[in-house]
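So that we are looking at the same thing, I have put the structure below in structure tokens.
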Amino acid sequence: MMRVALFVPCYVDQFYPAVAIATLELLEQLGCQVVVPRNQTCCGQPMANSGFAREAAGCDQNFRQNFGEFDHIVCPSGSCVLHVREHNPLLTGQVWELCEFLTDVLQVRALPHRSGRPLRIGIHQSCHGQRGLRLSSMSERNEPYFSKMEALLKLVDGIDITTPARPDECCGFGGTFCVTQEALSVKMGKDRLAQHQANQVDYIVGGDMSCLMHLEGILRRQQSPIQVRHVAQLLVDHAL
Amino acid sequence: MSQRFVSHAQAASQFLTDEARTDWHDETLWFIRQKRDKSAHALPEWEALRELASGIKDHALSELSTYLTQFEQNALANGIQVHWAATAAEHNQIVLDIIRQQTGPAAPRVVKSKSMLTEECHLNEFLIKHGVEVVDTDLGERIVQLRQEAPSHIVLPAIHLKKADVSATFQQHLGTEAGNEDPQYLTEAARHHLREKFVSASVAITGVNFAIAETGGFVVCTNEGNADLGVHLADVHIACLGIEKVIPRQEHLGVFLRLLARSATGQPITTYSSHFVRPRAGQVMHIILVDNGRSTQLGRPEFRNSLKCIRCGACFNTCPVYRRSGGHSYHNAVAGPIGSILAPNLDMRKNADLPFASTLCGSCTNVCPVKINIHEQLWHWRQTLTAEGLAPPAKTVAMKGMAWVLGHPTVYRLSGRIGRWVMQHVPALVNNRLNPWYKGRDMPSPPTQSFGEWYDKNRSRV
Ligand code: SF4
């Protein structure tokens, strides 16, 4: 049995506990022994992306105290994983984004269950996961198509995956950008949503709740029936 | 052009007030990005070409002084007069001196083809102040020049303008019919207007896309042929060259010319790639090698490779922020993602906002034909700028506070609980106009317990 540590981003811990629970249960359903270090807080990315990486030493240190002993650390956020990989010099174990951990390490080719209710979804590839962690191919490059998240979602029956007109345009969240450049951020989000709305999706599914929280905020303001879901919530077997 | 300072965020929200026009701007540039994709993806060797181009530029920058000296020697041997300018001011003065020397006290007429370097140096303003009539001959540049605006894009200077705007401008300055927006008609009017300027100019200024150390020659790329026309009719050719534009060998040109046009507009090749090697009989040719901060940038390890830029504009067209905020929001001659990493080098204080005008999505880095890690440099500039004390004080306090909370697990858990409690019980505290999140978005609905609290309750092993 593979022993993994679950790293729950701070905003997921506080605002989206269901996503963390789904991630935990999914990993367990796939045969992992999951440890949740209880003194974890944040990876330090919000400070670093705002230009205050030097203030994040406390976070880096705390992260290491919590996760230092593990070989595999799994996190349901591409953005946080990218930050830890690139900017936390203290860590020796490997930090994985959930989808890449499933496709590359566990090599999941089938899920314990295959049935979900019929759903039409649009995938939101978050930029840091896509371009930073290379979780999927990108339209800028001349390279063969691939998408780790899509490969996993295809293992669940009844999910109809649609592609937005601009497959990998940023949603405009961008960390503190979402408040320092409020008008631009909301406009980018609205434009992103319009492309999913044109596809008449039920859910917008992604690997980063930060982007989805931003999109959800606009959807609620528009009183749209479309929901956002983390990919873990579609992959986990809720009946188990 | 010297108005009150407006930050990128302020200019962007201003731009966004006309949503239909913003959509038009976004779609126009996205269309160019798609044309770029189509032609880039048609070349199986595209990624290898980018790698090669990046390698050549890295090498050239690492041996810059050698190649510049070699270029100078070969250019001199070809009969070109070579000048060196450390700053924009020196550059402008050299240009003026050459013009004066050529034309004497007569009111000199100068035509200029597109050169972002001369924009960076504010050459036009300087020359006009000294009584020189200087006419931009690139159609887009002429349009913005007539409107007394700066170019909003390095390849498509008037991309922010619609046909109706051009029609109105031409009506006012060239006397075209009111309301006639036919592009054919307007272009024809511009052609006649410019032809007269070309014929009467005694000095032609051009930029330089590539200077070749091995031959002492240089290449200027235009789609309109206006650089050629200007140079061939004038007695004096002044070429203004940023020192980072030198490449070692003639054979390297093929790599860059293939990448440049495809990245810029999706064309397989720029319509005119004009090679200048030596002055024709009776003509005088000058080249000015300009530093203006480039050697400083070369000395900053995190930022030096921004000097690889070949000014194709692809990072502009792909940038979701640029497309929705327009070039003028960057308050710098070079706008867009690359402008945001070049501008702070020229003036950190004035341009401290630009590295923050990005979500760090990374599209620019991956579209860039010379593989500049643009979004990583934006990140590094953020660190540098805040370390220099150029962050807004409120942000500094907020970040320090946040870092402290997140560095202490107990404090973090307590603040989370308090925060969620407040959001549940006193939602008006966050759902108000003072919260920039709430202006265009609803807040997430706070759950009763955090994941950590759920875990302690349901999975506690003690
Ligand atoms: S940074 Fe790269 S993409 Fe942007 S203009 Fe320069 S060469 Fe083109």
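Protein chains get the first letters and strands the later ones, always in sequence-line order, with residue 1 at the start of each.
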Counting only heavy atoms closer than 4.5 Å, note whether B:Trp30 contacts chain A via side chain, backbone, both or neither.
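The side chain, not the backbone.
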Segment of B:Phe15 engaging chain A (4.5 angstrom heavy-atom cut-off)
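Nothing of B:Phe15, per the 4.5 Å heavy-atom cut-off to chain A.
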Choice from A:Glu143, A:Met138, A:Glu169 maximising heavy atom contacts with chain B below 4.5 Å
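Sorted descending by pairs with chain B, the first entry is A:Glu169.
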Keeping the roles fixed (side chain from A:Asn49, backbone from A:Gly175), state whether a donor-acceptor pair exists under 3.5 Å.
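No; zero donor-acceptor contacts below 3.5 Å.
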Quick check: does any side chain N or O of A:His230 sit under 3.5 Å from a backbone N or O of A:Gly207, one acting as donor and the other as acceptor?
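Flag set: sc A:His230 to bb A:Gly207 pair under 3.5 Å.
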Cation-pi check, B:Arg441 onto B:Trp437 ring (under 6.0 Å, within 45° of axis)
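Yes, a cation-pi geometry holds between B:Arg441 and B:Trp437.
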Which atoms of A:Ser126 are under 4.5 Å from chain B, going by heavy atoms: the side chain, the backbone, both sets, or neither?
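Looking at A:Ser126, nothing touches chain B.
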Show your working on side-chain hydrogen bond (donor to acceptor under 3.5 Å, both in side chains) between A:Asp208 and A:Ser79 and close with a plain yes or no.
CA-CA 7 Å; A:Asp208 263 286; A:Ser79 194; 4.7 Å; no
With chain B, which of A:Gly172, A:Ser139, A:Cys170 has the greatest number of heavy-atom pairs at distances under 4.5 Å?
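Option with the greatest count: A:Ser139.
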Partner of B:Thr318 by side chain to side chain donor-acceptor pair (under 3.5 Å), out of B:Arg323, B:Arg33, B:Arg36:
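One option only clears the test, and that one is B:Arg33.
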Side chain, backbone, both or neither: which part of A:Leu24 has a non-hydrogen atom closer than 4.5 Å to chain B?
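Just the side chain, heavy atoms under 4.5 Å.
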Side chain, backbone, both or neither of A:Ala48 within contact of chain B (heavy atoms, under 4.5 Å)
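Interface part for A:Ala48: both.
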Residues B:His41, B:Trp46; criterion side-chain hydrogen bond (donor to acceptor under 3.5 Å, both in side chains); working and verdict
CA-CA 7 Å; B:His41 294 178; B:Trp46 182 256; over 6 Å; no
Heavy-atom distances under 4.5 Å only: say whether A:Glu55 touches chain B with side chain, backbone, both or neither.
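When you check distances to chain B, atoms from both the backbone and side chain of A:Glu55 fall under 4.5 Å.
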Audit row: B:Glu388, B:Gln383, side-chain hydrogen bond (donor to acceptor under 3.5 Å, both in side chains) steps and yes/no
CA-CA 9 Å; B:Glu388 295 281 335; B:Gln383 314 306 322; over 6 Å; no
Quick check on B:Ala314 against chain A: is it the side chain, the backbone, both or neither that has a heavy atom closer than 4.5 Å?
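It is neither, since no heavy atom gets under 4.5 Å.
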Residue pair B:Arg50, A:Glu140: steps toward the salt bridge (Lys or Arg N to Asp or Glu O under 4.0 Å) verdict
CA-CA 12 Å; B:Arg50 288 176 72 219; A:Glu140 293 85 3; over 6 Å; no
Salt bridge check, A:Arg134 against A:Glu100: does any charged N sit closer than 4.0 Å to a carboxylate O?
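Here A:Glu100 does not pair with A:Arg134 in a salt bridge, since their nearest N and O are not under 4.0 Å apart.
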Quick one: which of A:Arg220, A:Met47, A:Lys190 has the most heavy-atom pairs under 4.5 Å with chain B, could you say?
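Answer, by heavy-atom pair count under 4.5 Å with chain B: A:Met47.
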Let's test your reading of the structure: which of A:Gly58, A:Ala183, A:Ser50 forms the most heavy-atom pairs below 4.5 Å with chain B?
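Most heavy-atom pairs within the cutoff with chain B belong to A:Ser50.
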Would you mind checking which part of B:Asn366 comes under 4.5 Å of any heavy atom in chain A, side chain (CB onward), backbone (N, CA, C, O), both or neither?
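Both backbone and side chain of B:Asn366 come within 4.5 Å of chain A.
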Considering only heavy atoms, which portion of A:Gln40 lies under 4.5 Å from any heavy atom of chain B: side chain, backbone, both, or neither?
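Only the backbone of A:Gln40 comes within 4.5 Å of chain B.
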Polar side chain donor-acceptor pair, A:Gln14 to B:Ser450, under 3.5 angstrom:
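Result is no, nothing qualifies.
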Report the option among A:Pro46, A:Ala18, A:Pro17, A:Ser185 that has the most heavy-atom pairs separated by less than 4.5 Å from atoms of chain B.
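Looking at each option in turn, the highest pair count goes to A:Pro17.
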Relative to chain A, which segment of B:Ala40 carries a heavy atom at a distance below 4.5 Å: side chain, backbone, both, or neither?
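Contact with chain A involves the backbone of B:Ala40 alone.
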Let's test your reading of the structure: which of A:Gln222, A:Lys187, A:Glu216 forms the most heavy-atom pairs below 4.5 Å with chain B?
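That would be A:Lys187.
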Do other residues, nucleotides or ligands put more than 12 heavy atoms under 6.0 Å from the CZ atom of B:Phe31?
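Atom CZ in B:Phe31 is not packed in, count stays at 12 or less.
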Criterion side-chain hydrogen bond (donor to acceptor under 3.5 Å, both in side chains) on B:Asn373 and B:Gln377, from CA distance to verdict
CA-CA 6 Å; B:Asn373 58 336; B:Gln377 294 192 36; 2.8 Å; yes
What are the two closest non-hydrogen atoms of B:Phe316 and B:Gly336, and how far apart are they?
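Closest approach of B:Phe316 to B:Gly336: CE2-N, 3.9 Å.
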Chain A contacts, top residue of B:Pro436, B:Pro44, B:Pro444 (heavy-atom pairs, under 4.5 Å):
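The candidate making the most pairs under 4.5 Å is B:Pro436.
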Sort A:Val8 into side chain, backbone, both or neither according to what part of it lies under 4.5 angstrom from a heavy atom of chain B.
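Contact with chain B is through the side chain of A:Val8 alone.
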Side chain / backbone / both / neither for B:Ala398 at chain A, heavy atoms under 4.5 Å:
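Nothing of B:Ala398, per the 4.5 Å heavy-atom cut-off to chain A.
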Is it the side chain or the backbone of A:Met188 that comes within 4.5 Å of chain B heavy atoms, both, or neither?
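Both backbone and side chain.
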Against chain A, work out which of B:Thr410, B:Thr365, B:Leu385, B:Asp23 has the most heavy-atom pairs shorter than 4.5 Å and name it.
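Heavy-atom pair counts peak at B:Asp23.
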Aromatic ring proximity, centroids under 6.0 angstrom, A:Phe67 and A:Phe7:
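For A:Phe7 and A:Phe67, the ring centres are under 6.0 Å apart.
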Relative to chain B, which segment of A:Leu82 carries a heavy atom at a distance below 4.5 Å: side chain, backbone, both, or neither?
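For A:Leu82, neither part sits under 4.5 Å from chain B.
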Is A:Asp13 in contact with chain B via its backbone, its side chain, both, or neither, using a 4.5 Å heavy-atom distance?
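The answer is both parts of A:Asp13.
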Of the backbone (N, CA, C, O) and the side chain (C-beta and beyond), which part of B:Leu43 lies under 4.5 Å from a heavy atom of chain A, both, or neither?
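Only the backbone of B:Leu43 comes within 4.5 Å of chain A.
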Any idea which of B:Gly362, B:Ser363, B:Pro392, B:Ser7 has the most non-hydrogen atom pairs under 4.5 angstrom with chain A?
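Highest number of heavy-atom pairs under 4.5 Å: B:Ser363.
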At a 4.5 Å cut-off on heavy atoms, which part of B:Gln34 comes close to chain A: side chain, backbone, both, or neither?
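Neither the backbone nor the side chain of B:Gln34 comes within 4.5 Å of chain A.
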Heavy-atom proximity to chain A below 4.5 Å, by part of B:His8:
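When you check distances to chain A, atoms from both the backbone and side chain of B:His8 fall under 4.5 Å.
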Quick one: what part of B:Met443 sits under 4.5 Å from any heavy atom of chain A, side chain, backbone, both or neither?
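The answer is neither part of B:Met443.
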B:Cys315 versus B:Ile374, closest heavy-atom pair with distance:
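Where B:Cys315 meets B:Ile374 most closely, the heavy atoms are CB-CD1, 3.9 Å.
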Ionic contact status for B:Asp26 with A:Arg166, cut-off 4.0 Å:
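Judged by the 4.0 Å cut-off on N to carboxylate O distance, A:Arg166 and B:Asp26 do form a salt bridge.
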